[in-house]
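Hydrogens, waters and symmetry mates are skipped; everything else that's a heavy atom, side chains included, is used.
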Amino acid sequence: MATTMHVPFVLLLCLLCQLGILGFPVSQPPQESLTCGYKSCHATKPGMLNVHLVPHTHDDVGWLKTVDQYFYGDRNHIQHAGVQYILDSVVDQLLKNPDRRFIYVETAFFYRWWKQQSEDVQKTVKQLVNQGRLEFVNGGWCMSDEATTHYSAVIDQMTIGLRFLNDTFGHCGRPRVAWHIDPFGHAREHASMFAQMGYDGFFFGRLDYQDRDHRRAAREQEMLWRASESLTPPVADLFTGILPNGYNPPEGFCWDQLCDDPPIRDDPDLEDYNVDDVVIRFLKIALEQAKVYKTNHIIMTMGSDFQYENANLWYKNLDKLIRYVNQKQGDGSSVNVLYSTPSCYLQEIHRANLTWTVKEDDFFPYADAAHDLWTGYFTSRPALKRYERLSNSYLQTCNQMEVLGGPKSRKGLFGAGDSETLKKAMAVAQHHDAVSGTEKQHVANDYAKGLAKGWAHCQVLVSNALAALSGSSSPRVYCENLNISVCPLTETSNKFSVNVYNPLARPVSWPVRLPVNGTAYSVTDSDGKAVDSQVVPVSQATAALRRDRGYAANELLFQVQAPSLGYSTYSVSLLQTMPPPASPLTRAPRTIQNKFVKVTFDPDTGLLSSLSNLETQQTVRLSQNFYWYNASDGNNNDSNQMSGAYIFRPNSSTPFIISKTAKIETIQNAVVQEVRQWFSPWISQVVRLYADSRALELEWTVGPVPVGDDLGKEVITRLDTSIKSSGIFYTDSNGREVLQRRKDYRPTWNLKQSEPIAGNYYPINSRAYIKDNRDQLTVVTDRSQGGGSIQDGSLEIMLHRRLLYDDVRGVGEPLNETSDLYPEGLVVRGRLLLLLSPPAVAADTHRPLAQGVVLQPLITFTDGKLPPNTRLQFSGLQAMLPPAVHLLTLSQWDQDSVLLRLEHQYEAKESKEHSAPVTVNIQKIFSTLDVLGVSEMNLSANQWKDEMTRLDWKAESGKKPLPKTKGDPSVWEVTLKPMEIRTFLLRVRQS
Ligand SMILES: *[C@@H]1O[C@H](CO)[C@@H](O)[C@H](O)[C@H]1NC(C)=O
Ligand SMILES: *[C@@H]1O[C@H](CO)[C@@H](O)[C@H](O)[C@H]1NC(C)=O
Ligand SMILES: [Zn+2]
């Protein structure tokens with residue numbers, strides 16, 4: 001999406017400047033040679049100001065229209081945009097003049113277009129790519145959001161986009177530059193990933209208006225981003241440039257059919273001849289722009305949202321602009337204009353051989369004016385955000401199953417299944433108007449539908465794989481609504497089995513809750529041993545939430561153990577009907593506890609009052625409650641900005657409390673202790689402690705958020721503790737490294753804080769914490785959310801938003817989610833996991849806990865008795881991986897090879913125990929795969945590691961890059977350093 005920035009300019013009238021009419025440059029016959037990449041750049045003029053014109057289009061992979069509507073140009077009454085015509089038209093226009101250049105960014109669209117082209121067109125396009133006239137930039141499936149995405153899904157979406165480009169175009173299809181012109185703030189982890197994907201540089205458009213002003217004045221709009229505190233420079237160093245005008249052309253120079261600027265009228269015999277006026281205006285803008293950059297090269301983005309559908313308009317005028325501006329050189333002008341691309345511009349910046357300031361924090365939050373903080377979308381559409389995160393877990397399981405189950409997983413007992421459908425749907429969902437929640441409602445529905453279709457394809461694959469691995473052909477049943485206690489099979493069956501597949505490379509213990517109607521069950525594990533189980537009544541909140549989709553009276557609870565990268569199977573049978581489970585007590589207990597954790601409640605209010613870690617004998621005061629901010633409706637003295645899908649703007653800094661007390665039900669048994677809190681008809685929570693968990697679970701249910709009072713509401717939960725956090729809290733970046741956040745402060749400029757709440761909100765992708773010398777309280781989330789620490793000792797997380805006004809950033813709808821099942825407003829349920837630990841060892845628990853929430857077990861069911869000889873337990877690993885190592889990717893690449901990513905999941909200084917390099921033998925990881933060969937690749941798997949070279953950049957300050965350390969001791973032994981991810985292509989055979 002785009003908002004126009006107005007660059008002031010002075011209109012100069014031309015006095016009697018007559019310019020001769022010249023012919024167009026003579027076209028060179030196209031050559032077959034591969035002169036793509038830096039070699040294909042046009043020459044520049046050393047003594048002049050070189051203006052790089054970059055023709056481009058910004059094609060959102062869904063926003064106001066769905067991705068397919070945008071592709072075809074359907075529903076043009078919503079927005080005139082048709083990507084197929086853009087690519088058709090650009091290719092025609094590139095052929096007309098070999099000087100012309102174009103960049104293309106979003107592979108989701110390019111892939112759709114390419115499939116439909118004739119061989120002739122494909123051949124022509126390959127030629128354009130080989131000559132560097134059409135250049136891919138960024139090249140992921142989409143241009144991902146940076147605030148609400150998880151690194152695992154970002155790496156995947158980049159991988160499939162870049163793989164398509166490499167498979168189709170080979171080396172000339174490899175983008176050199178990362179290009180995130182539209183995302184609403186920029187994450188450090190994205191920069192780190194781009195560096196490790198081999199990009200030479202990165203350009204973006206949006207940053208805080210104060211930051212931008214400061215950087216313009218200091219000429220620091222180009223810098224070296226040192227994007228990791230753990231990885232040795234220059235591994236995560238990325239040259240980063242801020243574009244001059246968002247991603248729009250300079251004011252007055254938009255020649256698309258969507259724009260109204262005057263064309264260049266260059267026949268002096270006709271009316272309105274304007275060449276001199278255009279040239280003067282252009283020179284003025286170029287010279288002004290040069291003042292805020294460091295070299296004698298500047299870049300201009302000539303294009304915007306869905307432009308170039310009729311590319312002739314743009315190119316015809318750009319050809320003339322270049323001709324007439326350069327003609328002025330004869331009269332002493334020192335401005336040289338050329339067709340260019342971001343990589344050609346980058347090459348010139350690199351040649352300038354300057355030193356660059358080092359940036360070590362990130363670009364959040366983003367504000368485009370004093371009261372316009374883009375911190376609402378950190379939470380917008382919380383249900384979609386959870387579905388996306390859960391889909392990532394499911395995709396990783398699906399990928400693993402495809403490898404472990406062998407060829408039978410794709411085509412087997414239950415038909416043809418695949419992982420591609422979910423891979424692509426997940427890749428689309430990473431777009432900066434998808435998981436971000438900033439799209440129209442019908443588009444959000446389309447993203448969810450795409451994910452659901454992907455799930456269905458994966459379910460066939462998983463059924464086939466589990467049949468192959470277990471030897472049982474019993475049909476497998478999936479229950480996607482276990483979170484609201486709905487599963488037709490377990491509600492009715494007297495005998496069934498539960499398969500728990502664990503996608504992590506270490507064993508897990510996981511609590512299972514199944515909707516049932518019996519009152520007692522026998523549960524046995526894979527060895528036939530009895531497992532402790534309990535039956536508890538379904539809560540009223542859950543019964544109300546599921547509506548008429550299920551009718552279970554009870555939930556059956558038991559703890560399952562699942563092996564590394566494998567499954568175990570539990571058998572459940574109904575026992576003779578017993579009396580119904582004891583009704584819950586209707587008062588708060590003073591405490592609930594297990595062997596690790598104790599929490600106390602205030603008996604008068606029913607709220608939490610303290611949290612203790614029994615192993616370390618530490619206790620903090622902890623109260624927790626729910627509040628809502630009244631969303632600004634725009635009627636406000638300071639500014640008329642409303643809260644909306646993008647923007648969070650409470651109209652007061654004091655949130656309303658929903659209820660000072662909670663009604664309570666308590667359940668305590670050998671498996672779980674839970675206190676069910678009811679705050680209002682639309683807010684309830686379960687405070688839950690499983691017998692062998694170190695984390696306290698807060699399962700919140702929020703909605704339908706009432707708006708009958710015509711007040712938009714932004715609902716938060718707030719944890720208030722005795723921790724002396726001194727204005728500081730911490731949030732993760734895309735689920736990986738952690739950044740420190742300070743109240744009313746930005747590390748690189750003197751902040752003028754104008755929004756005391758929204759201006760202190762940051763994205764939380766998987767965890768946040770506050771700490772002092774003694775205590776650290778970590779909150780692990782189950783999706784991306786926004787949050788802040790407004791008072792010392794306090795941490796608040798925004799859970800749900802329901803708003804009545806559009807925030808005028810283009811989406812054109814208020815964020816007011818309803819559905820057929822919930823016409824009165826969406827209800828959202830989720831979990832926060834709380835850990836209290838000494839700061840020095842906190843990561844040892846929160847790292848694995850957070851990974852376990854991201855990659856959670858897949859639970860499937862079979863009805864009746866399993867056939868004899870069914871294999872009840874399976875592990876794809878010879879042994880669990882060392883605790884520091886996370887198996888990030890295991891995915892079929894082609895017939896004989898699989899993609900493997902191993903990750904060191906600790907930061908360099910984070911853990912006494914785990915922050916050391918660790919070595920793994922790749923041949924000894926898998927139990928059912930013989931590894932015959934291994935090649936290392938870059939992070940995005942589109943380049944061999946040993947062929948990877950990047951431009952080097954000089955930092956003004958900070959540590960000097962260290963010389964390269966020596967490689968691994970042998971091809972099979974792989975050493976991982978803190979926060980390192982290594983990517984391998986393995987040639988394998990099923991053993
Ligand atoms: C770049 O600058 C350094 C001094 O900072 C100089 O030693 C080096 O020769 C320069 N390189 C080029 C290619 O001009
Ligand atoms: C890229 O594609 C080329 C040509 O199809 C192939 O030879 C090469 O192995 C691919 N590179 C990678 C890293 O997959
Ligand atoms: Zn966009």
Side-chain angles (χ1 to χ4, degrees), residues 37-38 41 44 50 52 54 56 103 105 135-140 143 146 158 162 174-181 183 185-207 211-212 215-216 218-229 231-244 247 289-290 292-301 340-363 733 748 938-940 943 948-962:
Y38 296 120
C41 298
T44 58
N50 292 279
H52 294 248
V54 175
H56 81 105
I103 57 168
V105 177
E135 178 181 311
F136 295 101
V137 164
N138 215 60
M143 183 186 293
E146 300 194 41
M158 292 303 296
L162 293 171
R174 185 170 71 80
R176 307 303 204 271
V177 164
W179 181 256
H180 268 212
I181 56 181
H186 302 279
R188 198 177 71 180
E189 193 58 34
H190 261 73
S192 172
M193 290 188 280
F194 287 147
Q196 296 172 70
M197 290 173 182
Y199 290 102
D200 284 324
F202 175 45
F203 294 95
F204 67 72
R206 295 179 187 275
L207 77 165
D211 193 7
R212 188 191 64 223
R215 287 179 182 280
R216 284 168 64 95
R219 289 187 159 192
E220 285 182 358
Q221 297 199 83
E222 290 167 328
M223 72 208 85
L224 191 62
W225 201 345
R226 185 148 287 167
S228 170
E229 283 166 41
L231 299 168
T232 313
V235 172
D237 284 1
L238 187 66
F239 177 87
T240 298
I242 296 161
L243 296 168
Y247 53 89
Q289 192 179 317
V292 292
Y293 287 90
K294 270 189 176 154
T295 73
N296 65 325
H297 293 266
I298 58 173
I299 185 170
M300 290 185 183
T301 43
S340 189
T341 67
S343 55
C344 291
Y345 172 68
L346 186 74
Q347 169 169 254
E348 297 293 351
I349 299 294
H350 185 252
R351 281 181 181 153
N353 196 20
L354 304 179
T355 56
W356 305 97
T357 52
V358 174
K359 163 87 174 169
E360 289 182 318
D361 61 318
D362 66 358
F363 290 95
S733 182
T748 65
N938 67 350
L939 182 60
S940 43
Q943 228 188 339
M948 186 176 161
T949 54
R950 300 176 62 217
L951 299 180
D952 54 338
W953 302 89
K954 288 188 294 187
E956 225 163 52
S957 62
K959 295 159 277 184
K960 275 231 164 65
L962 295 176

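- A salt bridge links D361 to K359: at least one charged side-chain nitrogen sits closer than 4.0 Å to a carboxylate oxygen.
- Among all heavy-atom pairs drawn from Q347 and Y38, the shortest one is OE1-CB, 2.9 Å.
- Taking 4.5 Å as the limit, some side-chain heavy atom of H297 sits within range of a side-chain heavy atom of T44.
- Annotation: side chain of I181 is in contact with side chain of M143 (closest heavy-atom distance under 4.5 Å).
- Closest approach of H52 and C344 over heavy atoms only: CE1-O, 3.9 Å.
- Not counting sequence neighbours, S733 has no partner by the side-chain hydrogen bond (donor to acceptor under 3.5 Å, both in side chains) test.
- Under the side-chain hydrogen bond (donor to acceptor under 3.5 Å, both in side chains) criterion, N138 pairs with no residue, sequence neighbours left out.
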Residues V54, I103; criterion side-chain contact (heavy atoms from CB on, under 4.5 Å); working and verdict: CA-CA 8 Å; V54 175; I103 57 168; 3.8 Å; yes
Stepwise side-chain contact (heavy atoms from CB on, under 4.5 Å) check, I349 with E222: CA-CA 9 Å; I349 299 294; E222 290 167 328; 4.0 Å; yes
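- Remark: side-chain polar atoms of N938 are paired, donor with acceptor, to backbone N or O of M197 under 3.5 angstrom.
- With contacts defined as side-chain heavy-atom distances shorter than 4.5 Å, the pair R215/M223 qualifies.
- Looking at every heavy atom in both residues, D362 comes nearest to R188 through CB-N, 3.7 Å.
- Test T357, T748, D211 against E220 for side chain to side chain contact (heavy atoms under 4.5 Å, CB included) and you get one pass: T357.
- Remark: side-chain polar atoms of E146 are paired, donor with acceptor, to backbone N or O of A187 under 3.5 angstrom.
- With hydrogens and angles disregarded, a donor-acceptor distance shorter than 3.5 Å links the side chain of Q289 to the backbone of I299.
- Contact detail for R226 and D237: the closest heavy-atom pair is NH2-OD2, 2.7 Å.
- Each of H186, H190, H180 was compared with F204 under the ring-ring contact (aromatic ring centres under 6.0 Å, His included) criterion, and only H186 meets it.
- Residues V235 and A195 share a closest heavy-atom pair of O-CB, 3.4 Å.
- In this structure, CZ in R219 is found 11.5 Å from OH in Y293, a value given to the nearest 0.5 Å.
- Of all the heavy atoms in A191 and A227, the pair that sits closest is CB-CB, 3.7 Å.
- With sequence neighbours excluded, no residue forms a side-chain hydrogen bond (donor to acceptor under 3.5 Å, both in side chains) with K294.
- H56 places no side-chain N or O within 3.5 Å of a backbone atom of P342 that could act as its donor or acceptor partner.
- The aromatic rings of Y345 and F203 sit tilted relative to each other, their planes meeting at an angle between 30° and 60°.
- Note that the CZ atom of F239 and the CG atom of L951 stand 10.0 Å from one another [nearest 0.5 Å].
- At distances below 3.5 Å, not a single donor-acceptor pair connects side-chain atoms of R212 with backbone N or O atoms of I242.
- A donor-acceptor distance shorter than 3.5 angstrom exists from the side chain of H350 to the backbone of D952, with no hydrogens or angles considered.
- Residues P244 and I298 have side chains not in contact (no heavy-atom distance under 4.5 Å, counting atoms from C-beta outward).
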Step-by-step side-chain contact (heavy atoms from CB on, under 4.5 Å) determination, W179 to T301: CA-CA 12 Å; W179 181 256; T301 43; 3.8 Å; yes
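- Aromatic ring centroids of F194 and W225 lie 6.0 Å or more apart.
- Side-chain contact annotation: S343 with E135, donor-acceptor N/O pair under 3.5 Å present.
- Side-chain N or O atoms of R216 include none that pairs as donor or acceptor with a backbone N or O of Q221 at under 3.5 Å.
- Taking NZ of K954 as the start and CG of L354 as the end, the distance is 7.5 Å to the nearest 0.5 Å.
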E956 vs L224, side-chain contact (heavy atoms from CB on, under 4.5 Å): CA-CA, chis, key distance, verdict: CA-CA 9 Å; E956 225 163 52; L224 191 62; over 6 Å; no
